[in-house]
Amino acid sequence: MLANQFQEFWQTLCQDYKIIDLSHKLEEHMPQWPTHSRFFHTLWDSYWHGDVAIDYQIMMNEHTGTHMDAPAHFIQAGESNLWIDEVPLEQTLGTCVRIEMRHIAPKGLVPASAIMEWEKTYGKIQSGEIVLFDYDWAKFWNKRPNDRKYTTDWPGLSREAAELLVERGAKLVGCDTLAIDTYGHEENPAHYVLLGNKVLICENLHQLWQIPPRGGYFIALPLPIKKGSASPVRAICIVPKTEQQKQMIEECV
């Protein structure tokens with residue numbers, strides 16, 4: 001009985017929904033935080049050299065590519081000092097909203113008022129929802145030495161915007177930029193406000209334009225790295241294929 005129910009569920013999922021891949025490809029020379037170690041993908045064994053199979057060694061920083069920040073990334077002590085292996089998996093998936101903020105200038109800050117203005121059209125952010133900010137910044141993603149456009153001047157959340165999201169009860173906040181805080185903001189207010197309230201952060205998202213403002217289901221499972229400050233994730237969003245949702249997506253592009 002359970003197997004039949006699962007099969008029906010899977011058939012419905014494949015028929016009525018599509019999966020949007022929100023992760024950047026992991027490859028050498030991709031954009032990285034300036035002070036973080038680079039990504040290396042090195043051949044270890046190979047059938048080209050007489051081994052029975054092929055495998056590679058991967059070396060990378062926890063905050064490589066599309067990744068999730070654990071609260072302990074910034075919060076040193078207290079109840080919010082959670083490492084990535086301690087994060088409840090229920091917090092890494094759920095219904096999401098996409099807030100388009102493409103009008104925010106480079107190095108600009110999203111004010112709380114802009115989020116409330118979005119809510120007038122699409123409804124108030126509900127407790128337990130995942131909030132994704134689309135700055136259209138992923139279009140600048142490029143390998144070195146052509147990564148500078150992506151790794152400088154990106155926009156981010158103001159302290160007031162982050163506080164509003166905490167007030168609304170968001171459980172995860174994502175963005176298509178290198179960090180949730182704007183470029184050069186050394187105080188990192190959005191990191192401290194969100195992580196300090198156990199709100200997870202997902203950075204370097206991709207293809208957010210394919211998600212409607214409402215109606216998506218976000219999933220980004222982190223690796224259970226012991227005492228990890230973050231983890232690369234394969235982030236996806238499941239969206240309905242209905243004509244109404246297709247029209248909403250087209251209007252957002």
Side-chain angles (χ1 to χ4, degrees), residues 22 33 63 66-82 87-88 91-92 94-138 140 150-205 208-209 211-214 216 218 220 229-230 235 237 252:
L22 304 180
W33 190 265
H63 300 261
T66 305
H67 67 274
M68 183 178 296
D69 288 352
H73 179 39
F74 271 76
I75 309 305
Q76 298 182 35
E79 192 177 311
S80 296
N81 177 237
L82 292 175
V87 168
Q91 202 174 337
T92 67
T95 56
C96 67
V97 301
R98 179 184 68 91
I99 301 182
E100 194 246 284
M101 286 287 153
R102 301 182 180 190
H103 63 281
I104 301 296
K107 294 196 288 188
L109 289 170
V110 175
S113 59
I115 298 175
M116 290 187 282
E117 192 64 30
W118 179 91
E119 290 180 317
K120 290 179 182 179
T121 301
Y122 299 107
K124 191 173 180 180
I125 295 168
Q126 301 298 306
S127 179
E129 283 192 308
I130 290 168
V131 182
L132 308 175
F133 285 90
D134 176 10
Y135 300 104
D136 197 28
W137 206 257
F140 299 128
Y150 186 84
T151 58
T152 58
D153 298 342
W154 65 84
L157 294 184
S158 66
R159 178 183 296 276
E160 294 72 26
E163 290 172 342
L164 177 64
L165 294 172
V166 170
E167 180 184 320
R168 291 287 191 267
K171 63 181 180 180
L172 185 153
V173 177
C175 60
D176 60 354
T177 54
L178 198 60
I180 200 74
D181 282 290
T182 190
Y183 174 75
H185 205 318
E186 296 181 359
E187 295 180 359
N188 298 296
H191 273 93
Y192 279 107
V193 170
L194 296 174
L195 298 179
N197 286 279
K198 298 182 181 179
V199 180
L200 303 178
I201 295 172
C202 199
E203 297 165 329
N204 292 329
L205 289 168
L208 289 181
W209 60 270
I211 303 175
R214 283 198 174 276
F218 179 87
S229 68
C237 189
C252 292

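Side-chain atoms are counted along with the backbone in the values below, which use heavy atoms only and exclude waters and symmetry mates.
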Gap between atom CG of L165 and atom CG of N197 - 0.5 Å precision: 11.0 Å
Under 30°, 30 to 60°, or over 60°: which ring-plane class applies to F140 and W137, parallel, tilted or perpendicular? perpendicular
In Å, rounded to the nearest 0.5 Å, how long is the span from NE2 of H73 to OH of Y192? 9.0 Å
I need the minimum non-hydrogen distance between P111 and S158, along with the two atoms involved. CA-OG, 3.8 Å
Check M68 against A220 and note the closest heavy-atom contact, atom names and distance. CE-O, 3.1 Å
Side-chain contact, heavy-atom cut-off 4.5 Å: L195 with S80? no
Side-chain touch F218/T92, heavy atoms, less than 4.5 angstrom: no
Can you check whether K107's main-chain N or O pairs, donor with acceptor, with T182's side chain at less than 3.5 Å? yes
So, do V87 and P71 sit near enough that their side-chain heavy atoms are less than 4.5 Å apart? yes
Please tell me if the side chains of D69 and I180 come closer than 4.5 Å, counting only heavy atoms from C-beta onward. no
So, the side chain of D176 versus the backbone of L205: is there a donor-acceptor pair under 3.5 Å, distance only? no
What distance separates C202 SG from L22 CG, expressed to the nearest 0.5 Å? 8.5 Å
Minimum heavy-atom separation for A179 and E203, please, with both atom names. CA-OE2, 3.2 Å
Pairwise distance CG(D136) to NE2(H103) - rounded to 0.5 angstrom: 13.0 Å
Considering non-hydrogen atoms only, spot the tightest contact between P155 and A105 and give its length. CB-O, 3.7 Å
Which residue in the set V110, V173, I125 passes side-chain contact (heavy atoms from CB on, under 4.5 Å) when paired with I99? I125
Just checking, any donor-acceptor pair under 3.5 angstrom between side chains of Y150 and N204? yes
So, does D134 use its side chain to make a donor-acceptor pair with the main chain of R98 at under 3.5 Å? no
Are the side chains of L194 and V166 in touch, meaning some heavy atoms are under 4.5 Å apart? yes
Quick check: closest heavy atoms across L82 and A70, and the distance to 0.1 Å? O-CB, 3.5 Å
Among K124, R214, K171, find the one that has a salt bridge (charged side-chain N to carboxylate O under 4.0 Å, His left out) with E129. R214
Which value, rounded to the nearest 0.5 Å, describes the distance between C175 atom SG and L208 atom CG? 8.5 Å
Atom NE2 in H185, atom CG in L109: separation rounded to 0.5 Å? 5.5 Å
Any side-chain heavy-atom pair from W118 and P213 closer than 4.5 angstrom? yes
Shortest non-hydrogen contact from I115 toward M101: N-CE, 4.3 Å
Any side-chain to backbone donor/acceptor pair from Q91 onto L172? Under 3.5 Å, distance only. no
In terms of relative ring orientation, are F74 and H191 parallel, tilted or perpendicular, with 30° and 60° separating the classes? parallel
Please check this pair: side chain of N188 against backbone of E186, looking for a donor-acceptor N/O pair closer than 3.5 Å. yes
Please tell me if the side chains of V97 and Y122 come closer than 4.5 Å, counting only heavy atoms from C-beta onward. no
